[in-house]
Amino acid sequence: MSEEINIGLLGLGTVGRGVFQLVSRDNRVMANRLGAELRIKRILVQDPAKERGLPVPRELLTTDYRAVIDDPEIEIVVEVIGGTGVARRLVMSALGAGKSVVTANKELMAGHGQEVLAAAESQGVGLFFEAAVGAGIPIIHPLKELLVANRVQRVMGIVNGTTNFVLSRMEAGYDYREALKEAQALGFAERDPSYDVDGKDAAAKTAILASIAFNSRVGSGDVYTEGISAITPRDIMYARELGYVVKLLALAKLSEGALDVRVHPTMIPVDHPLAAVKEAFNAIFVEGDAVGELMFFGQGAGSLPTASAVVADVFLAARERRRSSVGQSACTCFNSLKFMPIEQVRSSFYLLIEAMDRPGVLAKIAKVFGDHQVSVSSVIQKEIGAQTAEVVFMTHRVFEGHLRAALTEIAGLDVVSGVRSVIRVEAGKE
Ligand SMILES: NC(=O)c1ccc[n+]([C@@H]2O[C@H](COP(=O)([O-])OP(=O)(O)OC[C@H]3O[C@@H](n4cnc5c(N)ncnc54)[C@H](OP(=O)(O)O)[C@@H]3O)[C@@H](O)[C@H]2O)c1
C-alpha cells in the first residue's frame, strides 16, 4: 500500500500523545478500509525540548503553525491544544486552507461551534469532534447519524469524571474536601478544579449534546448550571436513606416546545442505570421515540480513550476525502428553539431545613409550602441538638419558581435557622 494520508497534529499533550501512539502503531484494519496509510507529518508544540516519553522523531516537531497549515500535503489537521484562543485561530486557518479538522475541544465547540461549523461548510470540508463529549464513548456520531430516525425525547448523563469521582468518594464516607484532594492526587482533578466542580465542563458538553439531539444551537451560557461544592455528607446520607444517590447530572429535554437544558447535582433512584456509574466513569442515557432507552458508558477522559475517538474521526475524515464526499459533517442546527426559564421547570426536590425542635414548627413550614402550591411527599425529622432539628422534605413535582418563593419565606420564619440544602430529584420516567 503506497498511498499516504498526511496528518498535522496541533498539540502533543495528554491526548496528542495518545493520538501519536495509535496512528503510529500498525493498523491493518484502518489501512485496508481506507486503501491508504495514515501518517503524522508534522506536530505543533510549544516546547520541542520537553520529554514526552514517546519515540517521536525530532524533525516532526515544530513551533511554527505555518509548517502545518501551509503544507499542501497535510490533508487532515487534528487540534488537541485546547481552549478557545490559539486553538480557535488555528482551526479556522486549517479550515480556510481546505483541510479537514478533527478536534477534541469541547470549549471550542460549545462556545464557537456555529462559527467553525459554518467555516467548514463554506469550505466544503469536514469538522469532527467525537472526543469533545465523553472522550472515547461514541455519542456524537450515534446522536447525529445512527439515531437520525428518532425524535430524541431526552438526553441525560454523567459527563464529568472529576465530579463523579468526588461524589463516589463522598458516598464512601469522605467529605467534599477530602474527596477532592484524593481526586487531585490521582490525576482526576486539576490543581484548580473549578472548571469541573462548578459544572462548567459538564455545561459545555451538555450544550454540544443538546445542540445535536434537538437540532438547535445551544451554547454553554444557555445551560442552567450548578456545581457540586455545596453537597454535604448529610445530603449523601439522607439520599441513601431515601433510596437515591447524588450525581452531577446533565439533562436536556424538550418541554412544551422549549429546551430545558441543565447541569446540577441531582438525586436519582439507586436502581437507575446511571446510579451504577462510579468513580471517573461517564455515561450518557438517550431516549428516542423509536429506539427506546439507550445507555453509552465508558471512560470519559484519558490519553488513549480520548485518542480512540480522535483517531476514529481521522479515519472518517480520510474516508470522506477519498470518496470526495467532504463537508457532510456540517451544523445540524436548523431549529431555533427557545429555552425554558429555570423558574418554569418542574422537578421534585429534596430539602434540608434546620429548625427549632418544638411543637408547631412543622405546621408553620407546611403552611408556607401550601401557600405556594408546593406539595410535600415525605418528611423525616431528626434531632441534632438540644433544641434543634433537621427536617428533610421530599416534594412532588413543583414549579421551581414556586419552590424558590416558598423557601425564601421559610428562611425568614423565626423558627427556622436555615435552608441547608436544595437538590432536585429525577425519578426516571415522567
Ligand atoms: N485530557 C483528557 O482526558 C481529554 C479528554 C477529552 C477531551 N480533551 C480535550 O483535548 C484537548 C487537549 O487536552 P490535553 O489534556 O491533551 O491538553 P494538554 O495535555 O495540556 O496538551 C496541550 C498541548 O498543546 C500544546 N500547546 C499549548 N499551547 C500551545 C501553543 N500556543 N502553541 C502550540 N502548542 C501549544 C502543548 O505543547 P507543549 O507540550 O510543548 O507544552 C501540549 O502539547 C482539550 O481541548 C481537552 O479539553 C482532553
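Note that this is a predicted model, so its numbers are computed, not measured. Counting convention: from 1, in listed order, for ligands and their atoms alike.
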Ligand 1-proximal atoms of A131, by part, heavy-atom distance under 4.0 Å: backbone

Atom 6 (C) of ligand 1: the protein heavy-atom neighbour that sits closest, reported with distance to 0.1 Å: T306 CG2, 3.4 Å

Donor-acceptor contact present, side-chain N150 to main-chain A290, <3.5 Å: yes

Salt bridge (charged side-chain N to carboxylate O under 4.0 Å, His left out) evaluation trace for R169 with E182: CA-CA 9 Å; R169 279 291 182 273; E182 186 173 348; 3.1 Å; yes

Heavy-atom donor-acceptor pair, S100 side chain to V125 backbone, under 3.5 Å: no

Sub-4.0 Å heavy-atom approach of R52 to ligand 1: yes

Under 3.5 Å: N/O of A135 near N/O of ligand 1: no

Per-atom contacts of ligand 1 with G302, taking only distances under 4.0 Å to non-hydrogen atoms: 2 (C), 3 (O)

Distance filter under 4.0 Å to K106 heavy atoms, resulting ligand 1 atoms: 47 (O)

Under 3.5 Å: donor-acceptor pair, side chain of E390, backbone of E354: no

Identity and separation of the nearest protein heavy atom to atom 25 (C) of ligand 1: G11 CA, 3.9 Å

Close-contact set for ligand 1 against L44 heavy atoms, below 4.0 Å: 33 (C)

Closest protein heavy atom (residue, atom, distance) for atom 30 (C) of ligand 1: Q46 CG, 3.7 Å

I81: which of L44, N105, L12 passes side chain to side chain contact (heavy atoms under 4.5 Å, CB included): L44

Contact check: V15 vs ligand 1, nitrogen or oxygen atoms, below 3.5 angstrom: yes

Pairwise distance OG1(T232) to CG(D175) - rounded to 0.5 angstrom: 10.0 Å

Taking atom 15 (O) of ligand 1 as the reference point, the nearest protein heavy atom with its distance: T14 CB, 3.5 Å

Nearest-neighbour protein heavy atom for atom 31 (N) of ligand 1, which is reported as residue plus atom name and distance: V86 CG2, 3.6 Å

Closer than 4.0 Å: a protein non-hydrogen atom to atom 20 (O) of ligand 1: no

H272-Y244 aromatic ring centre distance below 6.0 Å: no

Nitrogen or oxygen of A301 less than 3.5 angstrom from that of ligand 1: no

Check: K247 side chain, V277 main-chain N or O, donor-acceptor pair, under 3.5 Å: yes

Contact summary for T395 and S348, nearest pair of heavy atoms: O-CB, 3.4 Å

Parallel, tilted or perpendicular, as decided by the 30° and 60° cut-offs, for the rings of F297 and F281: parallel

Atom 45 (O) of ligand 1: the protein heavy-atom neighbour that sits closest, reported with distance to 0.1 Å: G82 CA, 3.2 Å

Close-contact set for ligand 1 against L12 heavy atoms, below 4.0 Å: 23 (C), 42 (C), 43 (O)

For atom 17 (O) of ligand 1, closest protein heavy-atom neighbour: I81 O, 4.3 Å

Carboxylate-amine/guanidinium contact R322 E3, below 4.0 Å: yes

N or O contact, E79 vs ligand 1, cut-off under 3.5 Å: no

Closest approach of any protein heavy atom to atom 41 (O) of ligand 1, naming residue and atom: K50 NZ, 2.8 Å

OH on Y224 to OG1 on T206, rounded to 0.5 Å: 14.0 Å

